[in-house]
Amino acid sequence: MKTLTMLKIIPIPAFADNYIWTLHDNQHAIVIDPGDAAPVRAYLDKHHLQLGAILVTHHHRDHTGGILELVEVYNSPVYGPRLEKIPGITHPLGEGDIVEIAALNLRLQVIDIPGHTCGHIAYLWNNSVFCGDTLFGCGCGKLFEGTHAQLHHSLQRLAALPDDTLAYCTHEYTELNLPFALACEPDNQQLKQREQDTHALREQNQTTLPFTMALEKATNPFLRCNEPAIIHNLELKLGHQLPANDELAVFTAMRKLRDLC
Ligand code: ZN
Ligand code: FE
């Protein structure tokens with residue numbers, strides 16, 4: 001009988017607030033969105049790990065800057081969105097594709113989640129989703145290339161994943177996003193609790209990631225665009241009414257307001 005080795009999921013910190021999510025079984029590893037090669041090389045060296053593959057969610061430099069150096073050292077295959085130009089990609093991917101990492105006995109499923117960038121993808125594995133810069137703790141990615149409708153739809157797709165899904169995003173933004181979330185929904189008890197929990201974690205320099213989709217759906221205003229209290233607060237801030245029963249209009253107004261903070 002084959003024994004199942006538990007995979008570890010480790011955040012390697014990079015730059016000011018990026019995490020390079022690393023999956024390994026004490027022998028082989030994959031890394032997701034290596035914006036910088038140096039911390040990845042240091043981690044792999046220290047733990048005597050082979051780099052089996054590099055996965056990328058979108059083309060921004062803070063997610064891709066380390067690819068070529070890592071390929072030079074480890075000669076790993078590089079998986080990434082087919083709709084974006086990223087130097088080093090060997091396996092272009094899109095909706096419905098499966099990534100198989102034989103060394104780790106790992107199968108990840110690809111979904112398209114455009115908005116932050118046009119070709120942004122996410123990787124699903126068991127109850128985990130590696131969602132790049134699309135969903136953040138209590139917030140969402142900025143619109144650099146796509147439309148509000150695209151980003152809204154992509155977030156809806158993530159929110160439709162099972163409640164116990166763990167979301168691994170690329171930035172430690174939860175604390176930064178809390179003031180806006182609380183301004184949208186000051187009476188949300190779970191959000192207030194999350195504020196306390198988040199401060200406690202950050203005071204100890206611990207990550208707030210991953211978070212469950214259940215928590216996100218209960219506290220992230222961008223996933224709660226049909227919540228009457230949130231719509232009411234947005235309308236107060238905007239000084240005008242939003243069209244009734246139009247989640248996309250609420251989302252668009254919310255994302256634009258957030259951009260002003
Ligand atoms: Zn980005
Ligand atoms: Fe980023």
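Indexing begins at 1, ligand by ligand and atom by atom, following the structure's order. Quick note: numbers below take in every heavy atom, side chains included, and nothing from hydrogens, waters or symmetry partners. Everything quoted here is computed from the prediction, not taken from an experiment.
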Practice problem: Please determine which of Tyr168, Tyr123, Trp125 meets the ring-ring contact (aromatic ring centres under 6.0 Å, His included) test together with Phe130. | Solution: Tyr168
Quiz item: Taking a hydrophobic cluster as the set of Ile, Leu, Val, Met, Phe, Trp and Tyr residues connected by side-chain heavy atoms closer than 4.5 Å, whether directly or through intermediates, do Trp21 and Ile12 fall within one such cluster?
Solution: no
Quiz item: Leaving waters out, which protein N, O or S atoms fall under 2.8 Å from the Fe ion (ligand 2)?
Solution: Asp62 OD2, His63 NE2, Asp133 OD2, His171 NE2
Quiz item: In this structure, which one of Asp36, Asn75, Leu51 forms a side-chain contact (heavy atoms from CB on, under 4.5 Å) with Leu70?
Solution: Leu51
Exercise. Answer yes if the side chains of His199 and Glu175 hold a donor-acceptor pair under 3.5 Å, and no otherwise.
Key: yes
Practice problem: May I ask you to establish whether Arg258 and Phe222 are in a cation-pi arrangement, using a distance under 6.0 Å from NZ or CZ to the six-membered ring centre and at most 45° from the ring axis? | Solution: no
Self-check item: the Zn ion (ligand 1) contact by His58, N, O or S atom under 2.8 Å
Solution: yes
Practice problem: Work out the angle at the Zn ion (ligand 1) between ND1 of His60 and OD2 of Asp133, rounded to 10°. | Solution: 170°
Quiz item: Would Glu216 and Arg194 satisfy salt bridge (Lys or Arg N to Asp or Glu O under 4.0 Å), going step by step from the backbone distance to the final call?
Solution: CA-CA 10 Å; Glu216 220 43 47; Arg194 190 175 189 182; 2.8 Å; yes
Show me the side-chain donor-acceptor pairs of residues 96-103 shorter than 3.5 Å, one per line, residues at least two apart or across chains.
unit_1	atom_1	unit_2	atom_2	d
Asp97	OD2	Arg82	NH2	2.9
Asp97	OD2	Gly94	N	2.8
Glu100	OE2	Arg107	NH1	3.0

